[in-house]
Amino acid sequence: EAEGLSNDEIKKLVVLPQEGILTLEGFITVYQKELERGKFWGINHDLAVLGEPLDDAGLFTARYDRMYCSQKVQPTAILDFECNSPCPNEKEPSDHLPVCASFAPRA
């Protein structure tokens, strides 16, 4: 299992079977791991390359990443980031926008 590894480290772990043939079970496992890691765009890309693109639902504009805190602290500042083009892109190198907040202890 590759818990806690970066995507580059995970890619280094991927090797073809000795026979050079990926079984159906192995193929399914690759896509299951992609889904588990939230890499939906990878599957979308592969389907598009094969001529079976998924319907374009438009630019996802909702907030996906979140921060949580206990009732012992309160937020004092929250920075909201927006991007009007699909990420990653030239301005945003990740598919996740930053989530940033400051907290202070509650009195």
Side-chain angles (χ1 to χ4, degrees):
E1 187 58 33
E3 286 296 315
L5 297 178
S6 71
N7 284 338
D8 288 335
E9 291 169 321
I10 292 169
K11 287 177 186 176
K12 289 178 185 174
L13 297 176
V14 176
V15 294
L16 286 176
Q18 284 184 323
E19 307 81 33
I21 299 172
L22 187 62
T23 64
L24 177 59
E25 181 179 317
F27 178 81
I28 291 170
T29 299
V30 168
Y31 280 95
Q32 284 175 328
K33 295 291 183 187
E34 288 286 287
L35 290 172
E36 288 169 8
R37 291 186 179 100
K39 309 291 184 180
F40 307 110
W41 68 88
I43 294 170
N44 183 40
H45 172 267
D46 291 351
L47 289 170
V49 168
L50 294 171
E52 297 290 338
L54 297 175
D55 290 337
D56 185 356
L59 182 62
F60 180 74
T61 58
R63 176 65 62 192
Y64 184 73
D65 297 315
R66 301 188 184 281
M67 294 179 86
Y68 296 92
C69 66
S70 72
Q71 292 184 5
K72 294 183 179 186
V73 295
Q74 66 183 21
T76 57
I78 300 171
L79 293 178
D80 191 20
F81 293 86
E82 293 181 358
C83 188
N84 294 324
S85 60
C87 296
N89 59 45
E90 292 162 2
K91 279 183 77 176
E92 298 294 341
S94 174
D95 59 319
H96 296 266
L97 294 175
V99 179
C100 183
S102 293
F103 299 92
R106 289 191 189 270

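Excluded from the calculations below are hydrogen atoms, water molecules and symmetry mates; all remaining heavy atoms, backbone and side chain alike, are included. The first residue of the sequence shown is numbered 1, and numbering continues consecutively from there. Nothing here was measured: the structure is a model prediction, and the numbers come from that model.
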On a heavy-atom basis, which atom in [X] and which in [Y] lie closest, and how many Å separate them?
X	Y	answer
R66	V99	C-CG1, 4.4 Å
P88	P93	CB-O, 3.4 Å
Q74	R106	OE1-NH1, 3.2 Å
P98	F81	O-CD1, 3.2 Å
A104	T76	CB-CG2, 3.5 Å
I43	E34	CD1-CB, 4.2 Å

**Report entry** Hydrophobic cluster identity match, V73 and I78, side-chain contacts under 4.5 Å
**Finding:**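 Cluster IDs for V73 and I78 differ.
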
Rounded to the nearest 0.5 Å, what separates atom [atom1] in [X] from atom [atom2] in [Y]?
X	Y	atom1	atom2	value
Q32	E25	CD	CD	9.0 Å
F27	I21	CZ	CD1	15.0 Å
E90	S85	CD	OG	8.5 Å
L50	H45	CG	NE2	9.5 Å
C83	N89	SG	CG	4.5 Å

